[in-house]
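Only one structure is covered here, and it is reproduced in the block below.
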Amino acid sequence: MSRTPEPAALPGSPLARAEQFVWLTARVLEQRRFAFHFLAGDRDAVDAALGSYLNADGGYGHALDPDLRGPLSQPLHTVHALRILDGLGRCAGQRIERLCRHLAAVSTPDGALPAVFPGPRPYPAAPYHPVLDDPPGELLTTGPVVGLLHRNRIWHAWLFRATEFCWERVENLRRSHPYEIQAAVAFLDGAPDRARASAAADRLGRLARAAGLVVLDPRRRAEYPVAPGYAPGEQLFPHDLARQPESLARGWFTDEELRRSLDFLAAEQQEDGGWPVRRRCWAPGSSLERRPIVTLEALLTLRAYGRPLDGGPPGPGPGGAGPGLSRPGPGLRR
């Protein structure tokens, strides 16, 4: 039986303000995720809400990722669903077997996933996710899906080719953009060959820093280039890449760089209790639905690094190792 979550924060604290924002604006799924992660809510309730996005083909649709509207199963929805299931500790079982069969059926000839599949009807999609007749495989979607499946010790025939696709792309990246780097980190954090992942992450971190793909000092963010096609101010910071202290990307940043990044993230909470969406606003509904998702991600990242959310004393600080570019660590389930 579902329980009514109990308040877990002092009035006016970051968590209490975020809670008010979630109840006012979020979909049922994000409300239940917030309750599970921060109010001792029921994981079954999250699972039930996620199930409403599940299609008969084993994939997820119905704007689970707010940037793609319509009912069709899409890889970006799969990424989002796996992150939720990973957070619940339920990324296993027949549901995942069916999902892997779906991924095998819709993958490109090289075993990868495109960003967006073409559909029988022109369902609305964000303009930065163009719908192509014959879309290529993308690390943007394949990397997080493969990394999350490996991190949960899932084995399926589809994963062999998809994993090799990810290794080839990650180890041969010479030019990239911030979201592709983020996808590469998601793959490397779950890849079973930890020594190979550590070496690839070290090279990737140096590439990201040298190319200015991550804002190392938020006070000087105007000096960092915005990637082509991104909205003004749509930049990634250390906390966006190293979402948890155990991420391989944590070793890319000094303690001071991470502290500044987390300070910036905490200060971004707005007057209504939510965090802003930095990507381009293309549809009112999409932006409204994404803000609670971004708010949840901000809270989970701050908590992972011991930042106070409920008005209590500070945690242990930025977490992880000190300066350097080679701090490997296994993935962490939230």
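Quick caveat: nothing in here was measured; it's all calculated off a predicted structure. Computed from heavy atoms alone, side chains included, the values below leave out hydrogens, waters and symmetry copies. Residues: numbered from 1 along the sequence shown.
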Would you mind reporting whether [Y] and [X] have side-chain heavy atoms less than 4.5 Å apart?
X	Y	value
Thr301	Asp240	no
Gln20	Asp272	no
Leu173	Glu180	yes
His80	Tyr53	no
Leu213	Leu236	no
Val145	Trp158	yes
Leu50	Leu64	yes
Arg206	Arg203	no

Could you give the distance from [atom1] ([X]) to [atom2] ([Y]), rounded to the nearest 0.5 Å?
X	Y	atom1	atom2	result
Arg43	Arg33	CZ	CZ	13.5 Å
Leu258	Leu216	CG	CG	11.0 Å
Ile84	Arg90	CD1	CZ	13.0 Å
Leu241	Phe253	CG	CZ	5.0 Å
Leu302	Gln269	CG	CD	9.0 Å
Ser198	Leu248	OG	CG	6.0 Å

I'd like to know if the side chain of [X] reaches the main chain of [Y], judged simply by a donor and an acceptor atom lying under 3.5 Å from each other, with no hydrogens or angles considered.
X	Y	value
Arg83	Leu148	no
Arg95	Ala92	no
Arg260	Asp217	no
Arg153	His150	no
Arg32	Ala45	yes
Ser287	Pro284	no
Ser247	Arg243	no
Glu30	Ile293	no
Arg17	Gln270	yes
Arg291	Trp275	yes

Look at atom CG of Asn172 and say whether more than 12 heavy atoms of other residues, nucleotides or ligands are closer to it than 6.0 Å. yes
Closest heavy-atom contact between [X] and [Y]?
X	Y	value
Thr141	Leu113	OG1-O, 3.0 Å
Leu76	Ala115	CG-O, 3.9 Å
Arg98	Asn55	NH2-O, 4.1 Å
Trp155	Pro192	CH2-CG, 4.3 Å
Thr295	Gly273	CG2-O, 4.3 Å
Ala201	Trp252	O-NE1, 3.0 Å

Do NZ/NE/NH1/NH2 and the carboxylate oxygens of [X] and [Y] come within less than 4.0 Å?
X	Y	answer
Asp310	Arg303	no
Arg259	Asp263	yes
Glu246	Arg250	no
Arg280	Glu234	no
Arg101	Asp57	no

In terms of the angle between their ring planes, are Tyr230 and Tyr179 parallel, tilted or perpendicular, with boundaries placed at 30° and 60°? parallel
Quiz question: by atom type and distance under 3.5 Å, do the side chains of [X] and [Y] form a donor-acceptor pair?
X	Y	result
Tyr305	His239	no
Ser73	His102	no
Asp67	Ser286	yes

Cluster overlap [X] with [Y], hydrophobic side-chain contacts below 4.5 Å:
X	Y	result
Trp23	Leu300	yes
Phe165	Val185	no
Phe34	Leu265	yes

If you draw the axis of the six-membered ring of Phe187, does the NZ or CZ of Arg169 fall within 45° of it and under 6.0 Å from the ring centre?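 The answer is no; the distance or angle limit is not met.
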Charged tip of Arg221 within 45° of Phe264 ring normal and under 6.0 Å: no
Identify the residue among Val131, Leu68, Val116, Leu72 that makes a side-chain contact (heavy atoms from CB on, under 4.5 Å) with Tyr123. Leu72
